[in-house]
Amino acid sequence: MSFFGSDRGLALPPVIKNIIIINAVIFLLQWLPLGLAGFMQQHLALYNIQSELFKPHQLITHMFMHANFTHIFFNMFAVFMFGRILEQIWGSKRMLIFYTITGLGAAAIHLTVSYFQMNHMTGLAESFFNSPDYLSFSSFVKKYAHGRESAELINFMQEWFYKPDDLSFVPQAKEVVRFLVTDNINIPTVGASGAVFGLLIAFAMMFPDAELQPIFLPIPIKAKYFVPIYALLELFFGVANFSWDNMAHFAHLGGALFGYILVKYWKNNQFRIY
């Protein structure tokens, strides 16, 4: 998306400039053939609380990791477009506070939602272990394999489908379920999107009538309309939890929520634009 109407130029204030530089450097370290990608993902990405890979410092470090070039490009483009304007208004100290708090808030909301989702998953797995049958196994695989079923697994399911009362399939089915539980618990989350959504909602609160030109819309739309619509879409996809969708929608909503609260707090405490 693009923002039109700013007369502040393209100069980068210090916090936004350093955020973009740090993200770019870490991305290069991830993707250059230096053998660091696996180590960085294990230690810097954010893992579910139930995962053995979870470490508290990941609440910060995951904000500087990205999955691919498209991911980092759009996040940093948004940081550039909205963050530089807000930092020029707020100053560097407030921008650093805002970016950090919205990023941490996004991580907190994401981990909270994921905690209950993982508990639900382990509950379904436990129910299957106690009363194994083909239907519950098939349902579990469709929900938690995320469309990554191997040919071997598909063949196994087809064989069991035609012999649903054959208990010889149960031991292998339990192994599959155990694998999927571990695999889902250890899915990492990366990206600055939570903080970016905080910047987006702050921009809409500061400049509600500014026109944005989203890439996927042919006409500009005012920020005060675009942001609520975008938030509703995030909520829809977060609740729907489609198997093909690997976006951390509740992290986005968490960043937006904490951004809204922080801007309202500053306004209510006579924060003045200068």
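Counting from 1, the numbers follow the sequence of the chain as shown. All values below come from the heavy atoms of this structure, side chains included, with hydrogens, waters and symmetry mates left out. Just so it is clear, the model here is predicted, and its values are computed rather than measured.
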- Can you find a side-chain donor-acceptor pair between Asp133 and Ser136 that sits under 3.5 Å? yes
- Would you please say whether a donor-acceptor pair under 3.5 Å links the side chains of Asp183 and His146? no
Under 3.5 Å: donor-acceptor pair, side chain of [X], backbone of [Y]:
{"X": "Gln58", "Y": "Tyr47", "answer": "yes"}
{"X": "Ser114", "Y": "His110", "answer": "yes"}
{"X": "Gln50", "Y": "Tyr115", "answer": "yes"}
{"X": "Gln172", "Y": "Phe169", "answer": "no"}
{"X": "Thr122", "Y": "Asn119", "answer": "yes"}
{"X": "Asn48", "Y": "Ser51", "answer": "no"}
{"X": "Thr112", "Y": "Ala108", "answer": "yes"}

- If you count the non-hydrogen atoms of other residues, nucleotides and ligands that lie under 6.0 Å from CZ in Phe129, is the total more than 12? yes
- Message: Is it the case that over 12 heavy atoms from other parts of the model lie below 6.0 angstrom from the NZ atom of Lys174?
- Response: yes
- Query: Does the ring-ring contact (aromatic ring centres under 6.0 Å, His included) test come out yes or no for Phe82 and Phe203, once each step is laid out?
  - Reply: CA-CA 6 Å; Phe82 303 115; Phe203 182 87; 4.9 Å; yes
- Query: Is the Phe128 to Phe140 ring centre distance short of 6.0 Å?
  - Reply: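 No - the distance between ring centres of Phe128 and Phe140 does not fall below the 6.0 Å cut-off.
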Heavy atoms, side chains only, cut-off 4.5 Å: are [X] and [Y] in contact?
{"X": "Phe207", "Y": "Ile89", "result": "yes"}
{"X": "His62", "Y": "Leu44", "result": "no"}
{"X": "Leu199", "Y": "Thr102", "result": "no"}
{"X": "Phe258", "Y": "Ile109", "result": "yes"}
{"X": "Trp266", "Y": "Arg94", "result": "yes"}
{"X": "Gln30", "Y": "Phe64", "result": "no"}
{"X": "Met121", "Y": "Leu124", "result": "no"}

Could you tell me the separation between the [atom1] atom of [X] and the [atom2] atom of [Y], rounded to the nearest 0.5 Å?
{"X": "Ile185", "Y": "Ile49", "atom1": "CD1", "atom2": "CD1", "answer": "12.0 Å"}
{"X": "Ile72", "Y": "Met65", "atom1": "CD1", "atom2": "CE", "answer": "10.5 Å"}
{"X": "His252", "Y": "Leu257", "atom1": "NE2", "atom2": "CG", "answer": "14.5 Å"}
{"X": "His71", "Y": "Ser193", "atom1": "NE2", "atom2": "OG", "answer": "4.0 Å"}
{"X": "Leu262", "Y": "Ile101", "atom1": "CG", "atom2": "CD1", "answer": "5.0 Å"}
{"X": "Gln41", "Y": "Leu36", "atom1": "CD", "atom2": "CG", "answer": "13.0 Å"}

- Which atom names give the shortest non-hydrogen contact between Ala192 and Met76, and what distance separates them? CB-CE, 4.1 Å
- Salt bridge between Arg84 and Glu87, side-chain N to carboxylate O under 4.0 Å? no
- Message: Would His43 and Phe39 count as a ring-ring contact (aromatic ring centres under 6.0 Å, His included) here? Give the steps.
- Response: CA-CA 6 Å; His43 294 281; Phe39 176 86; 4.4 Å; yes
